[in-house]
Amino acid sequence: VAIAAYFASSAMVQTVIYQALGAGSAVAVFVGVVRHRPVHKAPWLVIAAGLLALTVADFIYNLYDLVFHIPVPFPSWADVSYLAGYVLIPLGLTLLVRTRHGGFSRSSLLDGCIVGVGVGVLFWVFFMAPSLRGSNASLISQLVAVAYPIGDVIMLVAAARLSLSAGIRSVSFMFLLAGMIAWIAADIAYTQLAVLGTYYGGHPSDAGWLIGYTCFAISGLHPSMSRLSASSGEHQYPRRLTIALLTTTTLLAPVAFAADVVLFGGRQDYVIVTSSALLFLLVMARIGGLLKTLDGTVLDLRTQSRALQTSLAEGERLTKELHHRALHDPLTGLGNRSLFFDRVEQALKRGRRRGGSIAVMLLDLDNFKIVNDSLGHLAGDALLCEIAARLGGSLRAPDSVARLGGDEFTVLLEDVADPDVVEQVARRVLQALTEPIELESTKVTVGASIGYVFCKAADMGVGTDPERL
């Protein structure tokens, strides 16, 4: 509404509306800082100071023109305030980019410099050089005249760095970027119109500044501004848009050269050549940094891969160890009750298919409690381990031995032709156990009671509980 009213009003009302929007944008950003309490306040306060400096510059300019009715001197204090705004706003955006990256970002700086050099050479060919060519103004006037397009380039660099930065792209981010684009577009239009001598107060190009002020105000007042300065906490590789923008920017030097040749007879060769060389160096530095980052990422991935492989190997080892513990006696290392019954069940299945027979022996040590009580539990454990070793040495290769618990052991015999084979194995076991065992300088002799069952697997029904044997 204010923008529409601006173009429908007299010069004095236009001035009031313009000043109100400028001052209002600075106040809006300050109010947003107070209300929404962003993580980092400094970038926003610097931006507000820049907007205030531009408003003060307009006020000084209007004092000369509308109040004192005298020509505005050039340069004047208004120019000082204008140029201060051109420094403060990019400085605020630079601080904002720094906080979004969590510190200094070399890649972001290089991206901004590439855009700045590429656009700067165009500004030189179309705006700076023509304004200086044949000018009789003083040196200070020429420097101030050139400072304005340089300020636009600096603002464009800051806007480019913000647009390419890592972090969230909220409503506040979009309006802040839109305000920068609108402001720069209005400045470019004003500069071109001023060179041609066709600019006047209330020109349609003023809409860019009015829109810029409005976008700055909305950006500062929107609640998402509180998160805009928060660090993203992660590295962000160049997106396709970033790569396309940087690639297009590097082509601006040849475009500037062609325009200079066609329009001005190639008078700015040395500037364009220097800019091209600088662009080349900046692009090479950017590529080198990207390759270094990629190398670091690959190294991190390799390190993480090795750590993952180590973790998987350790997990596999622990799984096997847990599985082993679940199926084996922790003292003797023999299979436990669960493993033994599983082996019996599998032996019955094989026996049914092949028509074989199996036998299960149950062995109970004699006098084990006496040894355990007289010599202690450690001696009893050592006795059980020695018994387990002797049982393993007395059996056939395909046979299995397990400890059921306490002093009870079981033996599974597969492919047994007749009960005589079982009795032969039982005699070997008893013979092995009758040999003395030395425990704490004391020789101990233990016996055992053995019982067994012999059966044909085919006679056992499917689903027979192994414990029945």
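Heavy atoms only: backbone and side chains are in, while hydrogens, waters and symmetry mates are out.
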Next item on the list: Flag the pair M180 / I89 as yes when at least one side-chain heavy-atom distance between them is below 4.5 Å, and no otherwise.
Entry: yes
Next item on the list: Give the minimum heavy-atom separation between L221 and A28, together with the two atoms involved.
Entry: CD2-O, 3.4 Å
Note to self: Has S81 got a side-chain atom pairing as donor or acceptor with L54's backbone, closer than 3.5 angstrom?
What the structure shows: no
Notebook entry, point to check: Counting only heavy atoms not in F175, do more than 12 sit closer than 6.0 Å to its CZ atom?
Noted result: no
Margin query: H222 vs F173, test: side-chain contact (heavy atoms from CB on, under 4.5 Å). Steps then yes/no.
Written below: CA-CA 10 Å; H222 196 273; F173 175 91; over 6 Å; no
Check: Which heavy atom of S338 sits nearest a heavy atom of L327, and at what distance?
Finding: CB-CD2, 4.3 Å
Item checked: Inter-residue atom distance L375.CG - L439.CG, 0.5 Å rounding -> 6.5 Å
Next item on the list: To the nearest 0.5 Å, tell me how far D58 CG sits from T15 OG1.
Entry: 9.0 Å
Check: How far apart are the closest heavy atoms of S400 and F340, and which atoms are they?
Finding: O-CE1, 4.3 Å
Notebook entry, point to check: Which distance, rounded to the nearest 0.5 Å, do you find between the OG1 of T94 and the CG of L162?
Noted result: 9.5 Å
Next item on the list: Taking all heavy atoms of G85 and all of A53, pick out the closest pair and write down the distance.
Entry: N-CB, 3.8 Å
Note to self: Test your reading of the model: is there a side-chain donor-acceptor pair from H328 to the backbone of H324, 3.5 Å cut-off?
What the structure shows: yes
Next item on the list: Taking the side chain as every heavy atom from C-beta outward, state whether F409 and L391 have any pair of such atoms under 4.5 Å apart.
Entry: yes
Next item on the list: Starting from the C-alpha separation in whole Å, work towards a yes-or-no answer on side-chain contact (heavy atoms from CB on, under 4.5 Å) for L339 and N336.
Entry: CA-CA 5 Å; L339 180 61; N336 60 14; 3.7 Å; yes
Notebook entry, point to check: Will you find, in the side chains of D329 and T332, an N or O donor that is under 3.5 Å from an N or O acceptor?
Noted result: yes
Next item on the list: Might you confirm whether atom OH of Y82 has over 12 heavy atoms from other residues, nucleotides or ligands at distances under 6.0 Å?
Entry: yes
Margin query: Could you check whether any side-chain heavy atom of Y213 comes within less than 4.5 Å of a side-chain heavy atom of I3, counting everything from C-beta outward?
Written below: no
Margin query: I'd like to know if the side chain of R161 reaches the main chain of V97, judged simply by a donor and an acceptor atom lying under 3.5 Å from each other, with no hydrogens or angles considered.
Written below: no
Check: Should we say atom CZ of R37 is surrounded by more than 12 heavy atoms from elsewhere, each under 6.0 Å from it?
Finding: no
Notebook entry, point to check: Are side-chain heavy atoms of R317 and E314 found at a separation under 4.5 Å?
Noted result: yes
Margin query: Are V33 and L45 packed together at the side-chain level, in the sense that at least one heavy-atom pair is separated by less than 4.5 angstrom?
Written below: yes
Margin query: Do R337 and F341 make a side-chain contact, defined as non-hydrogen atoms from C-beta onward lying under 4.5 Å apart?
Written below: yes
Item checked: Side-chain (H36) to main-chain (P38) donor-acceptor, under 3.5 angstrom -> no
Next item on the list: Over all heavy atoms of both residues, which pair between A388 and L334 is shortest? Give the atoms and the distance, please.
Entry: CB-CD1, 3.5 Å
Margin query: If I take atom CG from residue L95 and atom CZ from residue R100, how far apart are they, to the nearest 0.5 angstrom?
Written below: 13.5 Å
Next item on the list: Could you walk me through whether L312 and E316 pass the side-chain contact (heavy atoms from CB on, under 4.5 Å) test, one step at a time?
Entry: CA-CA 6 Å; L312 291 175; E316 184 178 356; over 6 Å; no
Notebook entry, point to check: Any chance the side chains of Y6 and D206 put a donor and an acceptor closer than 3.5 Å?
Noted result: yes
Next item on the list: May I ask you to decide whether R350 forms a salt bridge with E414, counting only side-chain N to carboxylate O separations under 4.0 Å?
Entry: yes
Notebook entry, point to check: Is there a donor-acceptor pair under 3.5 Å between the side chain of R403 and the backbone N or O of G406?
Noted result: yes
Check: Under 3.5 Å, is there a donor-acceptor pair between the side chain of S25 and the main chain of T214?
Finding: no
Notebook entry, point to check: Just how far is it from atom OG1 of T410 to atom CG of L404, taken to the nearest 0.5 Å?
Noted result: 4.0 Å
Margin query: With a 4.5 Å cut-off on side-chain heavy atoms, are L176 and L93 touching?
Written below: yes
Check: Quick check: does any side chain N or O of S219 sit under 3.5 Å from a backbone N or O of C215, one acting as donor and the other as acceptor?
Finding: no
Check: For the ring-ring contact (aromatic ring centres under 6.0 Å, His included) test, which of W209, Y200, W183 pairs with Y190?
Finding: W209
Check: Hey, are N62 and Q19 close enough side-chain-wise for a donor-acceptor pair under 3.5 Å?
Finding: yes
Checklist line | Test item: S9 and I17 side chains (from C-beta on) under 4.5 Å apart, heavy atoms | finding: yes
Next item on the list: Calculate, to the nearest 0.5 Å, the distance between atoms CG and CD belonging to L412 and Q346 respectively.
Entry: 11.0 Å
Checklist line | Verdict with reasoning, S170 to M174, per side-chain contact (heavy atoms from CB on, under 4.5 Å) | finding: CA-CA 6 Å; S170 60; M174 295 302 180; over 6 Å; no
Item checked: For G212 against A182, the heavy-atom pair lying closest together -> N-CB, 4.0 Å
What side-chain donor-acceptor pairs closer than 3.5 Å can you find for residues 71-78, not counting sequence neighbours?
unit_1	atom_1	unit_2	atom_2	d
S76	OG	A78	N	3.2
S76	OG	D79	OD2	3.4

